[in-house]
Amino acid sequence: GENVEQHPSTLSVQEGDSAVIKCTYSDSASNYFPWYKQELGKRPQLIIDIRSNVGEKKDQRIAVTLNKTAKHFSLHITETQPEDSAVYFCAASTEEYGNKLVFGAGTILRVKS
Amino acid sequence: DVKVTQSSRYLVKRTGEKVFLECVQDMDHENMFWYRQDPGLGLRLIYFSYDVKMKEKGDIPEGYSVSREKKERFSLILESASTNQTSMYLCASRINTGELFFGEGSRLTVL
């Protein structure tokens, strides 16, 4: 089955710097890749997603890139702010609507002000 | 706003007890899910349901069962709780657009 590896497990950045989180997946048939953000004590929430027919997607300060050949995708956060501090999870699915999403282990992002 | 409500935020149970975790969503979503969240392991799918009375095993179904008698309600059952089932349990629902809407989570401790 699908396996998703996520790195790094923790990431500390200075406010205003950029942060990059990387994920690799094993199943070349995967075609849907969402990212979820979980603030401390709260539920995970979708922040951005990308499908396999797109190489990059951007939404304000966050962007996701996908390299299907190498089977990896990355989350980029620019101009980080303290409210970006959270756990970020990547996920992958082989089904168009992600019925069986497989999540990465998560990255704890700390933005120091 | 989509609302996914889990009946209990915190539970403490003893080994061997039967445990029910209930989840209700108010947006008429077809699909509902139960995940388990453990530090360093991310979110792992236990079971999901794509329709009333329909269910499919996820990646870690052993020791769990589910029930979906009504569209809005999806229950997770631990027939005989064990200490290795101490965890955070997250319910989620969605329509066929990809985004999962999660509940607040139920933190279960099995002594």
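Here is the naming used below: chain letters follow the sequence lines, and residue numbers restart at 1 for every chain. What's counted below: heavy atoms across the whole structure, side chains too, no hydrogens, waters or symmetry copies.
- Heavy atoms from other residues, nucleotides or ligands lying under 6.0 Å from CD of B:E17 number more than 12.
- Other residues, nucleotides and ligands contribute at most 12 non-hydrogen atoms within 6.0 Å of the NZ atom of A:K22.
- In terms of hydrophobic clustering, with Ile, Leu, Val, Met, Phe, Trp and Tyr side chains grouped at heavy-atom distances under 4.5 Å, B:M32 and A:Y36 are assigned to different clusters.
- Looking at every heavy atom in both residues, B:G40 comes nearest to A:A105 through O-CB, 3.3 Å.
- Heavy-atom distances place the side chain of B:D59, and not its backbone, under 4.5 Å from chain A.
- From A:F103, atom CZ reaches atom CG of B:L41 across 14.0 Å, with rounding to the nearest 0.5 Å.
- Proximity to chain B (any heavy atom under 4.5 Å) is shown, for A:P34, by neither the backbone nor the side chain.
- Between A:Q38 and B:Q37, the side chains place a donor N or O and an acceptor N or O closer than 3.5 Å (distance only, hydrogens not considered).
- Looking at every heavy atom in both residues, B:V4 comes nearest to A:R43 through O-NH1, 3.7 Å.
- Crowding of A:Q60 atom CD: a count of heavy atoms from other residues, nucleotides or ligands under 6.0 Å not exceeding 12.
- Side-chain atoms of B:L100 and A:L101, non-hydrogen and from C-beta on, do get closer than 4.5 Å to each other.
- Linking Ile, Leu, Val, Met, Phe, Trp and Tyr residues whenever their side-chain heavy atoms come within less than 4.5 Å places A:V102 and A:W35 in a single cluster.
- Heavy atoms closer than 4.5 Å to chain A are found nowhere in B:R107, neither backbone nor side chain.
- Under the 4.5 Å side-chain contact rule for hydrophobic residues, B:Y64 and B:L45 do not share a cluster.
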